[in-house]
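Worksheet: one structure, shown below.
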Amino acid sequence: MVAFAAVAAAPAGAAVVSVQVGSALDPAPLFEGTVTTSAHPVDGSDGSGPHPCFGPSSGGPSPTATGALDDALRGAGVSWRGNWDPSFRDFLVDRIGSRASAPPDLYWSLTVNGRFASGGCLARVADGDSVRFSYGPLFGPGGPGTAAGDGAAEPGSSVTGRGDAVANTSPARLRRLAARAAAFLRTHHGGGEEWAALALALRRGSGSAAATRALLGDRFGERRADGSLAGDVNATALAVLATAQDQRRLCGWLASAQGADGGFGYRPGIAPDVDSTSLAAWALARCGRGGAAARAAGFVRTAQAADGGFPSLPGGESNAQSTGLGLVALRVAGLGPRDTRTAAGLTPLDYLAARGRRNGSISYGPETAPTPVWTTAQALLGLTSARALLGAAGTTASALRQP
């Protein structure tokens with residue numbers, strides 16, 4: 001189905017943008033036309049209700065790419081679903097019309113004026129902008145890279161023609177990788193700045209509660225009687241990291257949401273993923289729930305790919321963000337990062353080392369670097385020691401091994 005919309009000049013505070021939604025697998029786009037959109041809450045139909053979709057927290061509310069998608073599809077009678085991610089403050093769009101995400105190969109991705117955007121609620125739009133939601137391989141064929149020079153691999157990075165890491169992770173090289181990543185985060189801005197603040201706070205050892213609270217924003221007001229934050233695993237895990245109050249109830253709910261395989265989905269009953277499981281493991285370790293943290297780390301360990309890294313979903317392709325968070329789970333559960341090796345002898349550290357770039361950033365994948373600040377921040381978390389990750393909890397790795 002193709003829907004075309006003609007609109008008048010945008011009222012104050014709104015924007016007229018070109019929107020295209022479609023798949024290379026279909027003969028025609030689901031929607032193609034112009035839309036007038038303004039800043040408004042968006043309901044992604046995931047059961048969590050409407051959420052702010054007004055652009056980055058800095059600056060006033062503005063029209064966004066996901067707001068334009070919502071206006072376009074509702075006007076055309078096309079349904080869509082996006083799962084709200086409180087840590088990213090955005091929707092993960094997993095279905096538009098009949099096309100749903102199908103890991104590890106097919107996803108919905110977004111470009112604004114031809115450039116990949118990490119999140120539609122964080123992507124401001126203005127008159128004349130072009131918004132495109134495309135279904136297919138994540139980031140499209142080959143994916144977007146970074147600018148020449150900045151995006152080049154760091155000297156000494158070893159990758160095969162397929163982009164797989166080759167073991168080359170001396171302690172000195174890992175220290176340099178982490179130091180360069182931290183320097184990059186201190187001097188660059190973009191989507192994921194809250195994660196950057198958290199990673200840098202942990203590296204400084206100056207306390208991370210304030211940075212973690214910034215990730216949650218106003219979600220503390222969504223506390224339920226069961227102790228969770230809106231029944232959301234990621235938000236509840238971040239709440240544990242952000243406050244010393246009511247940790248018993250927060251962690252009790254988290255433990256109850258753990259699957260039989262040790263994994264966590266972003267909500268109870270949802271298929272487990274590496275990112276949510278790793279955040280939950282971190283929070284449970286902070287609470288001293290060593291057995292639950294170890295089981296979560298066990299799930300993460302089983303998801304390791306042949307290149308040494310971790311995918312977001314088991315069976316998918318590795319990426320630096322999931323690998324960084326996966327390393328967090330391993331560390332807080334008392335597993336050394338080098339304890340997890342593939343048949344070829346590769347570790348998650350090898351995967352991250354191979355993603356290092358000349359400008360200090362760590363790229364998402366071998367040929368993709370769409371969100372350098374966000375990706376580098378979560379990769380740097382994986383290069384952070386267990387002692388720093390556990391912080392004031394004071395829980396030792398040996399204690400975490402206990403049931």
Side-chain angles (χ1 to χ4, degrees), residues 1-7 17-37 40-51 53 63-85 88 90-112 114-123 125 129-144 231-232 265-276 311-317 319 322 368 370:
M1 176 180 68
V2 183
F4 295 91
V7 297
V17 299
S18 170
V19 178
Q20 185 181 80
V21 183
S23 164
L25 304 175
D26 298 321
L30 285 169
F31 182 95
E32 187 172 31
T34 52
V35 172
T36 300
T37 187
H40 66 281
V42 171
D43 189 337
S45 300
D46 64 346
S48 64
H51 296 278
C53 193
T64 63
T66 294
L69 173 76
D70 186 57
D71 288 330
L73 296 185
R74 294 191 189 283
V78 178
S79 66
W80 70 283
R81 183 180 68 233
N83 296 308
W84 180 253
D85 184 336
F88 191 32
D90 215 323
F91 290 100
L92 304 176
V93 176
D94 69 354
R95 182 184 61 77
I96 301 178
S98 63
R99 293 294 185 187
S101 296
D105 300 312
L106 299 173
Y107 300 87
W108 283 98
S109 57
L110 164 68
T111 60
V112 177
R115 295 177 63 104
F116 175 79
S118 57
C121 285
L122 300 176
V125 295
D129 282 348
S130 174
V131 175
R132 182 171 183 174
F133 284 84
S134 302
Y135 183 76
L138 192 60
F139 313 131
D232 189 298
Y266 70 93
R267 288 183 183 280
I270 299 295
D273 64 86
V274 168
D275 299 47
S276 298
S312 177
L313 293 170
E317 294 186 2
N319 67 80
S322 298
T368 57

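This is a predicted model, so every value here is computed, not measured.
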**Prompt:** Hey, are the side chains of Cys121 and Phe91 touching, using non-hydrogen atoms and a 4.5 Å cut-off?
**Reply:** yes
**Message:** Would the distance check show the side chain of Asp129 and the main-chain N or O of Val112 forming a donor-acceptor pair, the cut-off being under 3.5 Å?
**Reply:** no
**Minimum-distance pair of heavy atoms, taken over all atoms of Asp43 and Trp80** = O-CZ2, 4.0 Å
**Chi angles and distances behind the side chain to side chain contact (heavy atoms under 4.5 Å, CB included) call for Tyr266, Asn83** = CA-CA 9 Å; Tyr266 70 93; Asn83 296 308; 2.5 Å; yes
**Check: Ala28 main-chain N/O paired with Asp26 side-chain donor or acceptor under 3.5 Å** = no
**Asked** What residues form a side-chain hydrogen bond (donor to acceptor under 3.5 Å, both in side chains) with Ser322, not counting sequence neighbours?
**Response** Asp275, Asn319
**Prompt:** Does the side chain of Leu69 reach to within under 4.5 Å of the side chain of Ile96, using non-hydrogen atoms?
**Reply:** yes
**Message:** Which heavy atom of Pro314 sits nearest to which heavy atom of Pro272, and what is that distance?
**Reply:** CD-O, 3.9 Å
**Message:** Under the rule for side chain to side chain contact (heavy atoms under 4.5 Å, CB included), what residues qualify as partners of Thr111, not counting sequence neighbours?
**Reply:** Arg132
**Arg95: salt bridge (charged side-chain N to carboxylate O under 4.0 Å, His left out) partners, not counting sequence neighbours** = none
**Prompt:** To the nearest 0.5 Å, what is the distance between CD (Gln20) and OG (Ser130)?
**Reply:** 7.5 Å
**Closest contact, heavy atoms only, Val131 versus Ala65** = CG1-CB, 4.0 Å
**Request:** Could you check if a side-chain atom of Phe133 sits within less than 4.5 angstrom of a side-chain atom of Thr66, using non-hydrogen atoms only?
**Result:** yes
**Prompt:** Who pairs with Asp70 by salt bridge (charged side-chain N to carboxylate O under 4.0 Å, His left out), at least two apart in sequence or on another chain?
**Reply:** Arg74
**Prompt:** Which distance, rounded to the nearest 0.5 Å, do you find between the CG of Leu110 and the OG of Ser134?
**Reply:** 8.5 Å
**Asked** Hey, does the side chain of Thr37 reach the backbone of Pro63 with a donor-acceptor pair shorter than 3.5 angstrom?
**Response** no
**Request:** For Pro268 and Gly231, work out which heavy atoms get closest and say how close.
**Result:** CD-O, 3.6 Å
**Asked** Rounded to the nearest 0.5 Å, how far does CG of Leu30 lie from OG of Ser23?
**Response** 8.0 Å
**Prompt:** When rounded to the nearest 0.5 angstrom, what is the spacing between CH2 in Trp84 and CG in Asp90?
**Reply:** 6.0 Å
**Prompt:** Is there side-chain contact between Thr36 and Asp71, with at least one heavy-atom pair below 4.5 Å?
**Reply:** no
**Message:** Between Trp108 and Val21, is there a side-chain heavy-atom distance shorter than 4.5 Å?
**Reply:** yes
**Prompt:** What pairs with Ser312 under side-chain hydrogen bond (donor to acceptor under 3.5 Å, both in side chains), at least two apart in sequence or on another chain?
**Reply:** none
**Message:** To check you understand the geometry: which heavy-atom pair defines the closest contact between Val19 and Ala68, and what is its length?
**Reply:** CG2-CB, 4.1 Å
**Request:** Could you give me the CA-CA distance, side-chain angles and deciding distance for Tyr135 and Val93, then say whether side chain to side chain contact (heavy atoms under 4.5 Å, CB included) is met?
**Result:** CA-CA 10 Å; Tyr135 183 76; Val93 176; over 6 Å; no
**Prompt:** Any idea which heavy atoms bring Asp46 and Gly49 closest together, and the distance?
**Reply:** OD1-N, 4.3 Å
**Prompt:** With sequence neighbours excluded, what pairs up with Arg81 under the salt bridge (charged side-chain N to carboxylate O under 4.0 Å, His left out) test?
**Reply:** Asp94
